Amino acid sequence: MQLRALPEQSRPREKLLALGPNSLSDAELLAIFLRTGVSGMNAIELAESLLAQRGSLQRLFNSTQHDFVQLRGVGDAKYVQFQAVLELCKRYLKEGCHREVCFSNPQRVYDYLSIQLKGLEHEVFMALYLDSQNQLIKDEVLFSGTINAASVYPREVVKAALKYNAAGIIFAHNHPSGVSEPSYADKVLTEKLQKALSLIDIKVLDHIIVAGNRCASFAEMGLL
């Protein structure tokens, strides 16, 4: 059934205008973005099919180009649109971190890091460089792959911190396994970086692990 044949209150656009975006399901929100369906499926049905094929909204948006274009009803053009929307979300959250005192609002940091790191199938280790007011100056991916104490060179982190004139740093990485508990390698690496940065009076404010829908903080666990 085409969307225009549905009752007005069941059409995603009209429903959003009448009740707000929170009233829509993932599929309905996705249908607004898709705009049209394909032969045999309207936009909502196509959205439901895409979510079913990938298993979740997160996995759909984190699909590689190769995996994405294998899905029925989408191609390179839609992949570009999905990546653009995801990047806009990241920049929206980053802009909030620039404007607000980041470290005094841990939830803002968790939200930003979650959209950056959650759902990735490989480990990414990154740094958030903060000024003396704990506002975000710059974020930077330091390493991608299996994290261990030799993966990130302290001297390169020190150089970057001096380059950005950082007063403090928050480190973060993801655990694709979904286990938020810090590993021995996580602790060793954090200690090495903390010692190196202390020599130039830059404080490591936290090391946050993003694991699925959870975030674990070294600072909250008393590991810093």
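These values consider heavy atoms only, across backbone and side chains, with no hydrogens, waters or symmetry-generated copies. What you see is a predicted model, and the numbers here were worked out from it, not measured in a lab. In what follows, residues are counted from 1 in the order of the sequence shown.
- For the atom pair OG of Ser144 and CE of Met126, the computed distance is 10.0 Å after rounding to the nearest 0.5 Å.
- Under the 4.0 Å criterion applied to side-chain N and carboxylate O atoms, Glu191 and Lys187 are not assigned as salt-bridge partners.
- Following chains of ILVMFWY side-chain contacts shorter than 4.5 Å, one can reach Phe171 starting from Ile200, so the two form part of one hydrophobic cluster.
- Note that the CD1 atom of Ile209 and the CG atom of Asp186 stand 4.5 Å from one another [nearest 0.5 Å].
- Applying side-chain contact (heavy atoms from CB on, under 4.5 Å) to Leu130 and the options Ile137, Ile169, Leu205 leaves one that passes, Leu205.
- Leu16 and Leu46 fall into different hydrophobic clusters, where Ile, Leu, Val, Met, Phe, Trp and Tyr side chains are chained together by heavy-atom contacts under 4.5 Å.
- Contact annotation: the side chain of Leu50 approaches that of Gln53 to within less than 4.5 Å [non-hydrogen atoms, C-beta and beyond].
- From Tyr112, atom OH reaches atom CG of Asp139 across 3.0 Å, with rounding to the nearest 0.5 Å.
- The aromatic rings of Phe82 and Phe61 lie tilted to each other, with the angle between the two planes from 30° to 60°.
- In this structure, the separation between CD on Gln83 and NZ on Lys78 is 14.0 Å, given to the nearest 0.5 Å.
- Between the NE2 atom in His173 and the CG atom in Leu142 there is a gap of 12.0 Å [rounded to 0.5 Å].
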Working for ring pair (Phe, Tyr, Trp, His ring centres under 6.0 Å), residues His207 and Phe125: CA-CA 10 Å; His207 181 170; Phe125 188 91; 5.5 Å; yes
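- At least one donor-acceptor pair closer than 3.5 Å links the side chain of Asp206 to the backbone N or O of Ala219.
- In terms of modelled atom types and a separation under 3.5 Å, the side chain of Asp131 and the main chain of Ala167 share no donor-acceptor contact.
- Val85 and Leu29 are not part of a single hydrophobic cluster, where members link through side-chain heavy atoms under 4.5 Å apart.
- Put simply, OG on Ser180 and CD1 on Ile208 are 12.5 Å apart, with the number rounded to the nearest 0.5 Å.
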Task: Verdict with supporting geometry, Arg13 and Arg35, side chain to side chain contact (heavy atoms under 4.5 Å, CB included) - done: CA-CA 10 Å; Arg13 292 183 186 179; Arg35 297 179 57 195; 4.1 Å; yes
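- In this structure, a donor-acceptor pair under 3.5 Å is absent between the side chains of Ser198 and Gln194.
- Looking only at atom types and distance, the side chain of Ser63 has a donor-acceptor partner in the side chain of Arg54 under 3.5 Å away.
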Practice task
Evaluate the criterion side chain to side chain contact (heavy atoms under 4.5 Å, CB included) for residue pair Val158 and Leu199; output intermediate values, then yes/no.
Solution key: CA-CA 9 Å; Val158 169; Leu199 297 175; over 6 Å; no
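- Between Pro182 and Met221, the closest heavy-atom pair is CG-CE, 3.5 Å.
- Nearest heavy-atom pair across Phe68 and Gly75 is CE2-O, 3.7 Å.
- In plain terms, the two heavy atoms of Ala31 and Pro12 that are nearest each other are CB-CG, 4.3 Å.
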Under the side chain to side chain contact (heavy atoms under 4.5 Å, CB included) rule, what do Val141 and Gln116 come out as? Steps first, then yes or no, please.
-> CA-CA 10 Å; Val141 173; Gln116 292 275 14; over 6 Å; no
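- By the neighbour-count criterion of 12 heavy atoms within 6.0 Å, atom NE2 of His122 is densely surrounded, having more than that number from other residues, nucleotides or ligands.
- The hydrophobic clustering, which links ILVMFWY residues whose side-chain heavy atoms are closer than 4.5 Å, places Val80 and Leu71 apart.
- Neither Leu30 nor Leu19 shares a network with the other; the hydrophobic side chains, linked directly or stepwise wherever heavy atoms of I, L, V, M, F, W or Y lie under 4.5 Å apart, form separate groups for each.
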Discussion item. Leu24 vs Ile32, test: side chain to side chain contact (heavy atoms under 4.5 Å, CB included). Steps then yes/no.
Written reply: CA-CA 10 Å; Leu24 274 66; Ile32 293 176; 3.6 Å; yes
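- Between the side chain of Gln70 and the backbone N or O of Asp67, no donor-acceptor pair lies under 3.5 Å.
- Taking the six-membered ring where tryptophan is involved, the planes of Tyr129 and Tyr164 are tilted, since the angle between them lies from 30° to 60°.
- With Asn174 contributing its side chain and Val210 its backbone, the two residues share no donor-acceptor pair below 3.5 Å.
- The nearest pair of heavy atoms linking Ser23 to Glu28 is O-OE1, 4.1 Å.
- The two residues Ser39 and Arg72 have their closest heavy-atom pair at O-NH2, 2.8 Å.
- Glu123 and Pro176 make their closest contact through CG-CD, 3.6 Å (heavy atoms, listed as atom of the first residue, atom of the second, distance).
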